[in-house]
Amino acid sequence: MSELPEEPNKPTEPESLLPIDEHIEESQDAEGRKVRHRGIYLLPNLFTTANLFAGFFCIVTAINGNFYVAAATVFVAMVLDSLDGRVARLTNTQSAFGAEYDSLSDMVAFGLAPAILAYQWALSSLGNVGLTVAFIYVACAALRLARFNTQIGKVDKKWFIGLASPAAAGVVAGSVWAVWALDEPGIRGLDLPLAVIMLFALLVAAAGLLMVSNIKYYSFKDLDLKGRVPFVAILIVVLVFAVVFSDPPRILLLIFLAYAISGPVQFLMRRRKRAES
């Protein structure tokens, strides 16, 4: 992406031959001067586009009734979402355009896709109640992402305020994936007992409400991935991968459920300590 120092009385640039406006951003250099950036960075936005496609693919496959693939695709989107930001930071290619594009992609992959997956799989049997629960999740995801964008640079990056949308999507999609992977009659989608469907509806609504709560969650953003670590650390990583791949649907569901519950548990523990002090 080229950098163009702002110049007074600059002549009007010729109109592009393509019916698409060129993207231009303004920022400040080290000396405080305004600098105009023309174009966008390709590498991080490729990962963001792949994340967007994963969300779109999840929606299409869920509508077609292929819930196993749809649920697994949400976790693929998580990997892609974690890569675009890290690639941008490592290559120093952060931009306002990339941040906004990432949020819109996250809304599709972790807002719309899990809600449609949940509705198509089980919530549709509840009629308007199921539709309302699915919309609550979508609305909370949108509010969570909007609030996150306004808090960038204003809150401690060590913590998320509210459950992150990828983690909430992991709870919803992980539940579908874990149950569907059982491959037993009478436990899939509309064949589920009403009590199980109601429990799933409460889980979807709770995941949505946790996203817009003020409960703090550890963000893992202060981990130094470039520094040296003890040799045993790589052994632990290998062990974690082995455990996850032994039964991905249920292990991933347990991981995301534990993370979702960790916020309220820590919140209650802090309140108890304040009450005792």
Within residues 229-251 or reaching into it, pairs that qualify as salt bridge (Lys or Arg N to Asp or Glu O under 4.0 Å) - sequence neighbours excluded: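 Applying salt bridge (Lys or Arg N to Asp or Glu O under 4.0 Å) to every pair that reaches into residues 229-251, excluding sequence neighbours, yields Asp247-Arg250.
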
Transitive ILVMFWY cluster of Met269, excluding itself - 4.5 Å side-chain cut-off: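 Members besides Met269, by chain and number: Ile261, Val265.
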
[X] versus [Y]: any side-chain heavy-atom pair under 4.5 Å?
X	Y	value
Phe267	Arg272	no
Leu123	Leu131	no
Trp177	Phe67	no
Leu126	Val133	no
Asp106	Asp102	yes
Leu257	Val171	yes
Met78	Phe256	yes
Ile255	Val244	yes

Option from Leu46, Val108, Leu83, Asp81 for which side-chain contact (heavy atoms from CB on, under 4.5 Å) with Asn51 holds: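 With Asn51 as partner, side-chain contact (heavy atoms from CB on, under 4.5 Å) holds for just one option, Asp81.
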
Approximate separation, where rounding is to 0.5 Å, of Leu199 CG and Ser175 OG: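 One gets 8.5 Å once the value is rounded to the nearest 0.5 Å.
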
Point-to-point distance, once rounded to the nearest 0.5 Å, from CD1 of Ile161 to CG of Asn214: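 Ile161 atom CD1 to Asn214 atom CG measures 7.0 Å (nearest 0.5 Å).
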
More than 12 heavy atoms from other groups under 6.0 Å of OH on Tyr259: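 Yes.
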
Residues Thr49 and Tyr101: side-chain donor-acceptor under 3.5 angstrom: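 Side chains of Thr49 and Tyr101: pair found under 3.5 Å.
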
Qualifying residues under salt bridge (charged side-chain N to carboxylate O under 4.0 Å, His left out), relative to Arg274, sequence neighbours excluded: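 By the salt bridge (charged side-chain N to carboxylate O under 4.0 Å, His left out) rule, Arg274 matches no residue at all.
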
With Ser103 via side-chain hydrogen bond (donor to acceptor under 3.5 Å, both in side chains) - residues at least two apart: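 Here the qualifying residues are Asn149.
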
side-chain hydrogen bond (donor to acceptor under 3.5 Å, both in side chains) partners of Ser262, counting only residues at least two apart: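 Applying side-chain hydrogen bond (donor to acceptor under 3.5 Å, both in side chains) to Ser262 gives none.
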
Between [X] and [Y], is there a donor-acceptor pair closer than 3.5 Å when you use the side chain of the first and the backbone of the second?
X	Y	value
Tyr137	Thr132	no
Tyr218	Trp159	no
Ser124	Tyr119	yes

Parallel, tilted or perpendicular, as decided by the 30° and 60° cut-offs, for the rings of Phe241 and Phe245: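 Parallel: the ring planes of Phe245 and Phe241 meet at under 30°.
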
Per-pair distances, 0.1 Å, donor-acceptor, side chain in residues 70-77, under 3.5 Å, sequence neighbours excluded:
unit_1, atom_1, unit_2, atom_2, d
Thr73, OG1, Val69, O, 2.6

Single-linkage hydrophobic cluster, 4.5 Å side-chain cutoff, Tyr68 and Leu252 together: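 Per the 4.5 Å side-chain linkage, Tyr68 and Leu252 are co-clustered.
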
